[in-house]
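What follows is a single structure, written as structure tokens, with notes after it.
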Amino acid sequence: MFQNKVVIVTGAAQGIGKAVAVGYAKEGAKVVLADLNDELGRAVCSEIVSEGYSSIFVQTDVRKENDVVSLMKSAIHQYGKIDILINNAGIFRPISPYDITMDLWDDVIHTNLRSVFMCSREAAKFMRLNEKGGAIVSMASTRAFMSEPHTESYAATKGGIVALTHALASSLGPDNIRVNCISPGWIETKDYDALRPIDHEQHFSRRVGKPSDIVRACFYLTDDRNDFVTGINLTVDGGMTKKMIYEE
Ligand code: NAI
């Protein structure tokens, strides 16, 4: 489905990002993996290449502008173009609003939100040179819309991503670049078999989400045939944000 497309995935060393990177590779894309974690990033790259697909790993700290610029240059150097960017890298640091230091606040904002703007801008500089433009997808979260206590920094970044998405869709539309985001609900990236019945049953869908649910959402939003879809947030949460809860 993505034969010869060049796809950059940030935070690709594990979890959702890894599944997305492997998913695109299996669909024929050339995949550029970016992550802070050198060891895990290289391992994912070797795994993809050993299965006969095309991939490079570029160690990247998405908080750093120089790293982001180098990431795009490496992609161009290796593959000659950039078609798709998946802004997936993110951190979650729950802590009381009374206790969070402003250094930690800034770190979460820089890792989750500032990075999405920088990566999108730097990738768009190359995407706009393509005949068919490009597509950008960023991982927001259902926490952009609802909260548990002590999650201010994360919620602020994810809400920011939803707003940044429609702003960028508006600015980059003339360059044929579509910009969308996904709000995953509970996506189990570690031990799915260890989940309890109640974990599954509280969802309208009767199950907890899997990385593959997000992979297919990325495919939908980056498929050239869906070029009427831009500026949206696609919630993939088994219905949890539509569930009305009254305590008894
Ligand atoms: P994860 O923690 O398993 O993986 C995140 C990856 O990002 C790691 O490989 C990490 O090394 C990398 N990373 C962190 N800081 C970085 C930096 N400064 N530069 C480059 N790479 C960096 O996360 P998971 O669960 O796979 O989530 C992926 C994305 O989806 C995140 O943006 C997260 O907020 C979002 N999300 C996840 C949900 C879930 O239930 N797993 C729910 C809603 C949103």
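Whatever order the structure lists ligands and atoms in, that order sets their numbers, starting from 1.
Contact analysis puts Ala140 in contact with ligand 1, with a non-hydrogen atom separation below 4.0 angstrom. Under a 4.0 Å heavy-atom criterion, Gly185 is in contact with ligand 1. Note on ligand 1: Phe92 sits outside its first shell, no heavy atom being nearer than 4.0 Å. Not close to ligand 1: Thr10, with no non-hydrogen atom less than 4.0 angstrom away. Under a 4.0 angstrom heavy-atom cut-off, Lys158 registers as being in contact with ligand 1.
Checked against the 6.0 Å centroid criterion, the rings of Phe2 and Phe219 qualify as a close aromatic pair.
Side chains of Leu36 and Arg63 form a contact here, defined as non-hydrogen atoms less than 4.5 Å apart. In this structure, His200 and Leu195 have side chains that are in contact, with non-hydrogen atoms separated by less than 4.5 Å.
Each of the atoms 43 (C), 44 (C) of ligand 1 lies under 4.0 Å from some heavy atom of Ser141. For ligand 1, the atoms sitting less than 4.0 Å from at least one non-hydrogen atom of Asn88 are 28 (C), 29 (C), 30 (O), 31 (C), 32 (O), numbered in the order shown with element in parentheses. Near Gly11, meaning under 4.0 Å from one of its heavy atoms, ligand 1 places the atoms 6 (C), 7 (O), 12 (C). For ligand 1 and Ile187, the ligand atoms under 4.0 Å from any heavy atom of the residue are 39 (C), 40 (O), 41 (N). Numbered from 1 in the order shown, with element, the atoms of ligand 1 that lie under 4.0 Å from a heavy atom of Arg63 read 18 (N). Which parts of ligand 1 touch Asp61 is read off a 4.0 Å heavy-atom cut-off, strictly below it: atoms 17 (C), 18 (N), 19 (N).
Considering only non-hydrogen atoms, atom 21 (N) of ligand 1 lies nearest to Leu36 out of Val108, Asn112, Leu36. When the heavy atoms of Asp107, Ile16, Val9, Asp38 are ranked by distance to atom 37 (C) of ligand 1, first place goes to Ile16. Proximity annotation for atom 43 (C) of ligand 1: of Pro184, Ser138, Pro211, Pro184 comes nearest, heavy atoms only.
Note that Lys210 lies in the cation-pi zone of Tyr192, set by a 6.0 Å cut-off to the ring centre and a 45° limit from the axis.
Residue Thr111 touches ligand 1 through its side chain alone, judged by heavy-atom distances below 4.0 Å. Under 4.0 Å from ligand 1, the heavy atoms of Thr60 that appear belong solely to its backbone.
Here the heavy atom of the protein found nearest to atom 11 (O) of ligand 1 is Asp35 OD1, 2.6 Å. The protein heavy atom nearest to atom 5 (C) of ligand 1 is Gly90 O, 3.9 Å. Of all protein heavy atoms, the one lying nearest to atom 36 (N) of ligand 1 is Tyr154 OH, 3.7 Å. When only non-hydrogen protein atoms are considered, atom 19 (N) of ligand 1 lies nearest to Val62 N, 3.0 Å.
Linking Ile, Leu, Val, Met, Phe, Trp and Tyr whenever their side-chain heavy atoms come within less than 4.5 Å leaves Val49 and Val31 in two separate clusters.
The shortest N or O to N or O distance between Trp186 and ligand 1 is not below 3.5 Å. Ligand 1 has a nitrogen or oxygen under 3.5 angstrom from a nitrogen or oxygen of Gln14. When only interatomic distances are considered, the shortest N/O to N/O separation between Gly17 and ligand 1 does not fall below 3.5 Å. Between Ile91 and ligand 1, not a single N/O pair is under 3.5 Å apart. In terms of polar-atom proximity, defined here as any N/O pair under 3.5 Å, Thr189 makes no such contact with ligand 1. Of the N or O atoms in Met139, none lie within a sub-3.5 Å distance of an N or O in ligand 1.
Salt bridge status for Asp107 with Arg93: absent, with no side-chain N to carboxylate O gap under 4.0 Å. Salt-bridge annotation for Glu131 and Lys81: absent, with no side-chain N of the basic residue lying under 4.0 Å from a carboxylate O of the acidic one.
Of the residues listed (Ile177, Val68, Leu85), the one engaging Ser120 in a side chain to side chain contact (heavy atoms under 4.5 Å, CB included) is Leu85, and it is the only one.
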Please assess Gln14 against Thr189 for the test side-chain contact (heavy atoms from CB on, under 4.5 Å), listing each intermediate value before the final yes or no.
-> CA-CA 8 Å; Gln14 63 179 43; Thr189 59; over 6 Å; no

Determine, step by step, whether Asp237 and Ser183 satisfy the side chain to side chain donor-acceptor pair (under 3.5 Å) criterion, reporting the C-alpha distance in whole Å, the side-chain angles of both residues, the deciding distance to 0.1 Å, and the verdict.
-> CA-CA 8 Å; Asp237 71 343; Ser183 284; over 6 Å; no

Before giving the answer on side-chain contact (heavy atoms from CB on, under 4.5 Å), spell out for Val62 and Asp67 the whole-Å C-alpha distance, their side-chain angles and the decisive distance to 0.1 Å.
-> CA-CA 7 Å; Val62 295; Asp67 277 22; over 6 Å; no

Can you check side-chain contact (heavy atoms from CB on, under 4.5 Å) on Met240 and Gln202, steps first, answer last?
-> CA-CA 8 Å; Met240 285 299 280; Gln202 64 188 287; 3.5 Å; yes

Given Val215 and Lys26, is the side-chain contact (heavy atoms from CB on, under 4.5 Å) satisfied, shown in steps?
-> CA-CA 11 Å; Val215 176; Lys26 288 186 172 168; over 6 Å; no

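Atom 23 (O) of ligand 1 is not flagged as protein-proximal [any protein heavy atom, distance under 4.0 Å].
The environment of CD in Glu39 is sparse: at most 12 heavy-atom neighbours from other residues, nucleotides or ligands sit within 6.0 Å.
No side-chain donor from either of Thr165 and Asn233 sits under 3.5 Å from a side-chain acceptor of the other.
A side-chain hydrogen bond (donor to acceptor under 3.5 Å, both in side chains) check over residues 27-36, counting only residues at least two apart or in different chains, returns nothing.
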